Amino acid sequence: MDKLDQIAQLLKSAEHGVAFTGAGISTESGIPDFRSPDGVWSRNRPVMFDDFVRYRAERVRYWKMRRALYHEFQNARPNIGHDALVRLEANGRIEAVITQNIDGLHQDAGSRRVLELHGTNRAIACLHCGKEWPYDEVLSRIDAGDEAPDCGHCDGPLKSRTISFGQAMPSDVMAEAADLSSNADVFLALGSSLVVEPAASLPRLAKSHGAKLIIINLEPTPLDDIADIVVSATIGASMQAVVEIIEGAKSDDAVS
Ligand code: NAD
């Protein structure tokens, strides 16, 4: 039995399957991952949360990067990897998608229960009063020369609703993700280098509570040694093949 058949069999008998996704699931939608040499992330030193709060110059740098990211994100559409997870949820094979991504593509594809560990790039809010501002309006202000936009309501700094380096993770989302992971019988880690903490601890948590750990990633990860199945191939073709096996369709493109 090849690896994709084995994954399909595990998911078929799963009662509490969970998918955990990283930037690698969105590269097939044209959004570079963290490590891609051309990505916004690798071209720029990230802005630390404390520096964002303290220094206007860092807020200016932050918004320059966000502006570039917006272009990278705005034309992206879900790909067959995102679609496969929608079908697994609809078939009752997974309970939820836990994602490190901020691009909103799981929701666009139609996944219903999506936990965003690192927030979303689709909303902008004031760090002081919490008021949300429309993305287009804030970008227009930046284009008109307001390099570090403040809240028109209370003068606090505006920031995308993403979690920056040094910023606390949303505790409610983390708690829900930890619950799902510790109850999981099959845990699918897709397209994550599994080095960013605390998110990378979730597959370890799932495994230590008895889940079968499946990793699909182009590069090796630090958790490959404890995984039950490791597939080094693209997520889209692999997951489409897995779903077709589960749904009874013949898979012509099996990757082993
Ligand atoms: P990462 O960039 O550290 O790792 C991505 C992994 O995916 C790599 O190991 C790569 O080999 C693999 N990969 C890339 N394309 C693949 C494909 N088609 N099939 C299989 N594997 C593939 O990503 P991470 O672990 O998610 O950590 C990056 C951090 O940066 C996250 O916290 C995330 O919030 C943020 N980020 C998000 C996005 C997004 O929202 N799309 C994009 C870049 C970075």
Side-chain angles (χ1 to χ4, degrees), residues 3-4 7 19-49 62 65-66 68-85 97-109 111 114-123 159-170 173-174 177 188-204 214-224 227 229-242 253 255-256:
K3 287 182 180 177
L4 299 184
I7 296 172
F20 173 79
T21 64
I25 196 167
S26 293
T27 57
E28 293 170 65
S29 293
I31 299 178
D33 63 18
F34 205 53
R35 281 134 208 281
S36 300
D38 294 334
V40 168
W41 312 79
S42 42
R43 287 196 307 267
N44 299 278
R45 180 173 51 84
V47 174
M48 302 300 290
F49 183 67
Y62 174 89
M65 285 167 64
R66 286 289 132 182
L69 253 192
Y70 182 74
H71 286 302
E72 261 173 16
F73 279 38
Q74 69 176 344
N75 295 321
R77 298 288 172 269
N79 64 61
I80 51 175
H82 297 102
D83 293 342
L85 297 186
V97 177
I98 302 172
T99 189
Q100 301 183 87
N101 294 344
I102 55 172
D103 55 34
L105 292 182
H106 287 299
Q107 291 90 332
D108 285 353
S111 285
V114 181
L115 281 71
E116 292 176 312
L117 298 181
H118 295 169
T120 177
N121 195 50
R122 291 197 169 169
K159 186 177 176 298
S160 69
R161 279 209 188 274
T162 50
I163 307 300
S164 294
F165 286 98
Q167 187 174 5
M169 306 277 282
V173 182
M174 270 310 285
L188 262 177
L190 306 174
S192 173
S193 54
L194 300 179
V195 292
V196 182
E197 292 292 349
S201 58
L202 295 174
R204 237 184 272 119
I214 299 163
I215 297 176
I216 305 183
N217 205 61
L218 285 175
E219 292 170 330
T221 81
L223 299 193
D224 287 1
I229 302 176
V230 177
V231 176
S232 307
T234 54
I235 295 161
S238 307
M239 287 308 299
Q240 190 177 43
V242 165
D253 303 321
V255 186
S256 52

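In what follows, every heavy atom counts, from backbone to side chain, and hydrogens, waters and symmetry copies are set aside. Residue numbers start at 1 and run along the sequence shown. All values reported here derive from a predicted model rather than from experimental measurement. Ligands are counted one by one from 1 in listed order, and the atoms in each one are counted from 1 as well.
- Looking at ligand 1, you'll find an N or O of A23 within less than 3.5 Å of one of its N or O atoms.
- Considering backbone and side-chain atoms alike, I102 places an N or O below 3.5 Å from some N or O of ligand 1.
- Taking each of G191, G22, A233, S232 in turn, the one with a heavy atom nearest to atom 5 (C) of ligand 1 proves to be G191.
- For G236, the heavy-atom gap to ligand 1 stays at 4.0 angstrom or more.
- With a 4.0 Å heavy-atom cut-off, ligand 1 is reached by the backbone of Q100 and by its side chain too.
- With a 4.0 Å heavy-atom cut-off, ligand 1 is reached by the side chain of V196 but not by its N, CA, C or O.
- By the 3.5 Å distance cut-off applied to N or O atoms, I235 is counted among the residues near ligand 1.
- Two residues are said to be in side-chain contact when any heavy atoms from C-beta on lie closer than 4.5 Å; V47 and K159 fail this criterion.
- In this structure, the side chains of Q167 and M48 stay at 4.5 Å or more apart for every pair of heavy atoms.
- Comparing S26, P32, A76 by heavy-atom distance to atom 42 (C) of ligand 1, the nearest is P32.
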In sequence, state the C-alpha distance, the side-chain angles, and the governing distance for I102 and R161, and then conclude on side chain to side chain contact (heavy atoms under 4.5 Å, CB included).
CA-CA 9 Å; I102 55 172; R161 279 209 188 274; over 6 Å; no
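- Residue contacts with ligand 1, taken as heavy atom pairs separated by less than 4.0 Å, involve N217 via backbone and side-chain atoms alike.
- Checking L202, I163, T99 one by one against L117, the side-chain contact (heavy atoms from CB on, under 4.5 Å) holds for a single residue, L202.
- Residues forming a side-chain hydrogen bond (donor to acceptor under 3.5 Å, both in side chains) with D83 (at least two apart in sequence, or on another chain): none.
- At a threshold of 4.5 Å between non-hydrogen side-chain atoms, the residues S192 and T221 do not count as touching.
- Partner I235 forms a side-chain contact (heavy atoms from CB on, under 4.5 Å) with one of I25, T27, N79, N217 and no other, that one being I25.
- The CD atom of E116 lies 8.5 Å from the CG atom of D103; values are rounded to the nearest 0.5 Å.
- Looking at E219 against ligand 1, both its backbone and its side chain come within 4.0 Å, counting heavy atoms.
- For ligand 1, the atoms sitting less than 4.0 Å from at least one non-hydrogen atom of T27 are 14 (C), 15 (N), 16 (C), 17 (C), 18 (N), numbered in the order shown with element in parentheses.
- Of all the atoms in ligand 1, the ones that sit under 4.0 Å from a non-hydrogen atom of I31 are 41 (N).
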